[in-house]
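Structure, as structure tokens:
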Amino acid sequence: MKSFHIITFGCQMNEHDSERMTGILEERGCLSTSDAAQADMIIFNTCSIREKAEQKFYSELGRLKDLKIAHPGLKIAVAGCIAQQEGSQILSRAPYVDLIFGPSDIGRLSNLVDRNQARTAPLVDITGDPGYHHKQIPATRVDKLKAWVSIMYGCDNFCTYCVVPYLRGRERSRCPGDIVAEVRGLAEKGFKEVTLLGQNVNSYGKGLEERTDFPGLLKLLNDVHGIERIRFMTSHPRDLSDRLIAALRDLPKVCEALHLPVQSGSDAVLSSMNRRYTRDGYLDRIKKLRTAVPDLALTTDIIVGFPGETQQDFEMTMQLLEEVRYDGIFAFKYSKRPGTAALTLTDHLSEDIKEKRLDRVLTLQKEISRQINKEQIGTVKEILLDGISKKGGKLAGRTRGNKTVNVEAPASLIGSLARVTITSAGLSSLTGQLCE
Ligand code: 5AD
Ligand code: SF4
């Protein structure tokens, strides 16, 4: 195999897993190509968090059938969450697939490719490598300034709607020493920002021999010379400790931005989702956060139309959005997932109700985001200039709160921090002027 092409669906975790697969394959001398028709192997890195993502994958996979007929030597691989969920069942829908492996098998990719080359029958290996979280895996990163760093894998929470714990397994944390070494290596290569990844970063450290919790890890990374900014995702509200709030307040490199999925504003729905916090408990955390870090940019995830969600439950979510005033949200219609506890709940809602509720949530949030962005006008922000703006001729950068700012500045400033005065604001980006 000389060349490969990776098609990635889903979250940042998957994006980063694809960077790792690229790193592993390049290390064995293969070349990444952006043209699927030129590749000797096409890898789908799949997502199964919602049904829609799954449908999208199967339709893309179906389109490759002709390519495979035209190039019989072409190998097609399926990785990620659908591979883990479906295993060899993928072959009954797409018998032309050659290799199927799960998210915890990525560290063995080179070996899987060798084993697959040596045979004509498809190879399915989703057993998972129990030592995966201790492996040092190369990564070819898409960005040159900002890097994702996995700090833990899996999730122990079992929210009743979610497939992740079944597909990505129990929580396993990487050793702090390995993470610090990776971040030091990134700093040496000129990276300025890291985003720490995990399904539930707040419970980082469970089961580690060295007793380091997530705030402790942040402290270690804050000391890495050359790294200017640290972000992380995702946090579970139940595990948001006072120590973490203090870390957000006190560690200069930890950005004032937090993604804290609430999912619903109704206690009845939260309980049925097995979120293990209440609306008041969540709001209390937000109050503490805002007191400690007044500039904090908050984002969240919302699920509308969870089984049994009444109109009143839904209105509680709307009110919560107005009360918290998030900078941005990701909102989804509840989607039935195989093997999850929510499937067995009665009172599943119609697509029409879900659609209407989603629409109301998004319309409300649009107004709030626009308002919050407007409030930035006249303020001075530090931005990391990271490239050319999509809005012609300007550079683009991000504030510590992760908002995009377009600014007139020389390209030589790309990669550096700059102070800008915000002069105008739209829904998805701000415009600024460089300070003297
Ligand atoms: N249906 C809809 N949204 C879901 N999410 C996870 N599982 C489902 C599901 N079955 C959403 C949650 C989570 C985000 C990553 O995806 O909001 O925080
Ligand atoms: Fe899924 Fe809940 Fe774990 Fe997030 S915390 S990955 S929503 S089970």
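Along the sequence shown, residues carry numbers from 1. Order of appearance sets the numbers: ligands from 1, and atoms from 1 within every ligand.
For the salt bridge (Lys or Arg N to Asp or Glu O under 4.0 Å) test with Arg360, the passing option among Glu315, Glu355, Glu322 is Glu315; the others fail.
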> Step by step, would you call Tyr277 with His236 a ring pair (Phe, Tyr, Trp, His ring centres under 6.0 Å)?
Replying inline: CA-CA 10 Å; Tyr277 53 84; His236 192 292; 5.8 Å; yes
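The backbone of Phe158, and not its side chain, has at least one atom closer than 4.0 Å to an atom of ligand 2 (non-hydrogen atoms only; backbone = N, CA, C, O). Counting heavy atoms under 4.0 Å from ligand 2, residue Pro261 does not touch it at all. Of all the heavy atoms of Arg275, the ones lying under 4.0 Å from any atom of ligand 2 belong exclusively to the side chain. For Cys159, heavy-atom contacts with ligand 2 shorter than 4.0 Å involve the backbone as well as the side chain.
Nearest to atom 5 (S) of ligand 2 among the protein's heavy atoms is Asn157 ND2, 3.4 Å. Atom 4 (Fe) of ligand 2 has its closest protein heavy atom at Gln199 O, 4.4 Å. Ranking protein heavy atoms by distance to atom 7 (S) of ligand 2, first place goes to Tyr161 OH, 3.4 Å. The protein heavy atom nearest to atom 4 (C) of ligand 1 is Arg50 NH1, 3.5 Å. Nearest non-hydrogen protein atom to atom 1 (Fe) of ligand 2 is Cys162 SG, 2.2 Å. When hydrogens are left out, the protein atom nearest atom 3 (Fe) of ligand 2 is Cys155 SG, 2.2 Å; that is the closest non-hydrogen contact.
Among the atoms of His236, no N, O or S atom is found under 2.8 Å from atom 3 (Fe) of ligand 2.
Annotation for ligand 1: atoms under 4.0 Å from non-hydrogen atoms of Tyr334 are 1 (N), 2 (C). Those atoms of ligand 1 that come under 4.0 Å of a heavy atom in Lys333, given as number and element, are 1 (N), 2 (C). Counting the atoms of ligand 1 from 1 in the order shown, those under 4.0 Å from a heavy atom of Gln263 are 12 (C), 13 (C), 17 (O), 18 (O). Each of the atoms 13 (C), 14 (C), 15 (C), 17 (O), 18 (O) of ligand 1 lies under 4.0 Å from some heavy atom of Asp301. Atoms of ligand 2 found under 4.0 Å from any heavy atom of Pro165, numbered from 1 in the order shown, are 8 (S).
Remark: Ser235 OG to Arg285 CZ distance equals 12.0 Å, nearest 0.5 Å.
His133 and Asp178 are not linked by any side-chain donor-acceptor pair at a separation below 3.5 angstrom, with hydrogens and angles left out of the test. A donor-acceptor contact closer than 3.5 angstrom is absent between the side chains of Asp352 and Ser350. For the residue pair Thr140 and Thr22, no side-chain donor N or O sits within less than 3.5 Å of a side-chain acceptor on the partner.
Ring pair Phe57/Phe44: centre-to-centre distance below 6.0 Å.
Because its NZ or CZ atom is both nearer than 6.0 Å to the ring centre of Phe332 and within 45° of the ring axis, Arg50 counts as a cation-pi partner of that residue. Judged by the 6.0 Å distance and 45° axis criteria, Arg168 is not positioned over the aromatic ring of Tyr153.
Ring planes of His348 and Tyr334: tilted class, angle from 30 to 60°. Tyr326 and Tyr282 have tilted rings, their planes meeting at an angle from 30° to 60° on a 0 to 90° scale.
Remark: among candidates Tyr161, Phe306, Phe332, the nearest residue to atom 7 (N) of ligand 1 is Tyr161, based on non-hydrogen atoms.
A heavy-atom separation below 4.0 Å is not found between Lys336 and ligand 1.
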